[in-house]
There are 2 protein chains.
Amino acid sequence: MAVSRDQIIVAAIQHLNHDPAASMADIAEATGVSRATLHRHFTGREDLLLALGHRALDRWEEAQEDAGIEQAARSAEPIVITTALREMLSGLIGEAEEYNFALTDLVMSVPELRERGDELEGREIALYRAAQRAGVLRADLPVRWISNTVYGLLLAVRESLNRGDVARRDLPGMLHETFFRGAGEHDPHPGRGERPPEGGSQGGRRP
Amino acid sequence: MAVSRDQIIVAAIQHLNHDPAASMADIAEATGVSRATLHRHFTGREDLLLALGHRALDRWEEAQEDAGIEQAARSAEPIVITTALREMLSGLIGEAEEYNFALTDLVMSVPELRERGDELEGREIALYRAAQRAGVLRADLPVRWISNTVYGLLLAVRESLNRGDVARRDLPGMLHETFFRGAGEHDPHPGRGERPPEGGSQGGRRP
DNA sequence: ATTGTTTGAGACATAGATGTCTCAAACAAT
DNA sequence: ATTGTTTGAGACATCTATGTCTCAAACAAT
């Protein structure tokens, strides 16, 4: 086999990141195989996308395991939890770059993938909960909001890389800093600056 | 006219948020008009999407103007800048809910919309720069990273609303807190409410 | 050189979306 | 009731993507 199934998956992901609406013919061309061969490896488009989704989830799972978040979630040591959080965030940066929103939507729309995604998200949430108990993360924010925040910041990472706004080597530090400490300046000068405003002054304008 | 062009736009946006791959027939049905009438209002799909994109950008622009970010960007007063930032964030929450990623992709792919989006983004970046000069935002983070962070957090807002993770009225405060102070536990701030203090003061650490 | 296998190119039928058109029904205003 | 307009339903041709199939060329292994 000149081109393995795995190589096709990788090339397909790259091309779908470039053009989320790519057709099977586009993908075949970008992969370097004929349309017929693509159909020999994958029954149909659905089958291909399923494989792509599982690949994305594999990587996500690896990032979690490499960071050892399950053990960390059972620990009560702030240091252990903080380290796991940092390593997981750094690991996820690589995923954010490779696996675009197209896969995110895909995972959400296919029940089989969705279940697996929920499972992985659950493990992260367990870590956030442990982090709150250990005083590493704020306990006044809902864990699911924290989880969505991480997801959003990873999209910011991807955007920054795609647009060339930030050097790759600076990203782990920036992501970590922004997640833990935010973008606001604390104690800018020994005087008093702004007061951290609590609560919204106005609700959403349109429901 | 039973259904105005504006009503069609609104209904089309809602339905495309629900199903980003909806066809013209789907949109017509969801809008409550026939396919023929839809084509009487919009030359083709391209024309419809263009109108949708401009509508999204209109709302974004309104949120910026309502917050007065241009004047604030010319100010050096931390209070003025902080207020503008807070109001802009609160205003954008409404947009994040209504205008999904589908429109984000759309804006990026149509040059006419993309230019307008860049212009609006530029105004925000001017505000972030002013905020850095005034000591409101950290000066060690690139403004474009800050801009992308806001974008990512708004997606977290949308996700939280879609999944019912967070009450709508809590979102402005959470967004603001997370953006300015991050998710990490800090030394309890002076003068504001007590939280269930979870012992350890393991603050964020520099990586 | 001779197998047996894999591939690429292309034909083919099918399905779905798009854009245009016609015509009768519904409607508003007089 | 009589206009003039707008709408909905559907027919129609066109285009694109998909999935299946065939067959000759390329290939690897003996």
Side-chain angles (χ1 to χ4, degrees), chain A residues 1-56 100-113, chain B residues 1-56 100-113:
Chain A
M1 276 197 280
V3 178
S4 73
R5 182 182 163 102
D6 249 40
Q7 288 174 289
I8 293 180
I9 290 179
V10 171
I13 287 177
Q14 287 181 336
H15 190 256
L16 280 174
N17 283 342
H18 172 67
D19 174 18
S23 68
M24 292 292 274
D26 293 331
I27 295 171
E29 188 184 357
T31 309
V33 298
S34 72
R35 208 162 64 88
T37 301
L38 187 59
H39 273 92
R40 285 186 189 105
H41 281 284
F42 302 95
T43 311
R45 186 187 180 82
E46 199 180 356
D47 190 33
L48 173 63
L49 293 182
L50 195 67
L52 264 49
H54 274 297
R55 167 64 61 103
N100 270 19
F101 48 90
L103 294 186
T104 303
D105 297 353
L106 171 66
V107 168
M108 296 293 288
S109 63
V110 179
E112 176 180 337
L113 297 174
Chain B
M1 274 197 282
V3 178
S4 73
R5 182 183 164 101
D6 248 39
Q7 288 174 289
I8 292 180
I9 291 179
V10 171
I13 287 177
Q14 286 180 337
H15 191 255
L16 280 175
N17 284 344
H18 172 69
D19 174 18
S23 69
M24 291 293 274
D26 293 331
I27 296 172
E29 187 184 357
T31 309
V33 298
S34 72
R35 209 161 65 88
T37 301
L38 187 58
H39 273 92
R40 285 186 189 105
H41 281 286
F42 303 94
T43 310
R45 185 186 181 82
E46 201 179 357
D47 190 33
L48 173 63
L49 292 182
L50 195 66
L52 264 48
H54 274 297
R55 166 65 60 104
N100 269 18
F101 49 90
L103 294 185
T104 302
D105 297 354
L106 173 66
V107 167
M108 294 295 287
S109 64
V110 179
E112 176 180 337
L113 297 174

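Throughout, protein chains are lettered first and strands after them, A, B, ... in sequence-line order, and every chain is numbered starting at 1.
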Calculate the interatomic distance between Leu38(B) atom CG and dT18(C) atom P; express it in whole Å.
10 Å
Please check if the side chain of His41(B) supplies one atom and the backbone of Thr37(B) the other of a donor-acceptor pair under 3.5 Å.
no
Give a yes/no answer on whether the side chain of Thr37(A) brings an N or O atom under 4.0 Å of OP1 or OP2 in dT7(C).
no
Can you tell me how far P of dT18(C) sits from CZ of Phe42(B), to the nearest Å?
14 Å
N/O contacts under 3.5 Å, protein versus nucleotides 16-19 of chain D?
unit_1	atom_1	unit_2	atom_2	d
dT18(D)	OP1	Arg45(A)	NH1	2.8
dT18(D)	OP2	Met24(A)	N	2.7
dG19(D)	OP2	His39(A)	NE2	3.4
dG19(D)	OP2	Arg45(A)	N	3.1
dG19(D)	N7	Arg35(A)	NH1	3.1
dG19(D)	O6	Arg35(A)	NH2	2.9

Please name the pair of heavy atoms, one in Met24(B) and one in Leu38(B), separated by the smallest distance, quoted to 0.1 Å.
O-CD2, 3.5 Å
Rounded at 0.5 Å granularity, tell me how far CD1 in Ile27(A) sits from CD in Glu29(A).
11.5 Å
Test side-chain contact (heavy atoms from CB on, under 4.5 Å) applied to His54(B) and Leu49(B), Leu113(B), Ile9(B), Val110(B), the passing residue
Leu113(B)
Specify the closest pair of heavy atoms between Phe42(A) and Asp47(A), including all atoms of both residues, with the distance to one decimal.
CA-OD2, 3.4 Å
Atom CZ of Arg5(B) and atom C1' of dT6(D) are separated, to the nearest Å, by 17 Å
Just verifying a value: how many Å separate Asp26(A) CG and Thr31(A) OG1, rounded to the nearest 0.5 Å?
10.0 Å
Separation of dA17(C) atom P from Glu29(B) atom CD, nearest Å, is 12 Å
Can you see which heavy atom on Gln7(A) is nearest to which on Ser4(A), and at what distance?
OE1-N, 2.9 Å
When rounded to the nearest 0.5 angstrom, what is the spacing between CD1 in Ile13(A) and CZ in Arg55(A)?
6.0 Å
Report the distance from atom NE2 of His39(B) to atom CZ of Arg45(B), rounding to the nearest 0.5 Å.
10.0 Å
Pull out every protein N or O sitting under 3.5 Å from an N or O of nucleotides 26-29 of chain D, one pair per line with the distance.
none

Nearest-0.5 Å distance, CE of residue Met108(A) to CG of residue Leu106(A)
11.0 Å
So which heavy atom on Pro111(A) is nearest to which on Ser109(A), and how close?
CD-O, 3.6 Å
Mind pulling the stems DNA chain D is in, i.e. runs of at least three Watson-Crick or G-U pairs, everything under 3.5 Å?
C:1-30 with D:1-30
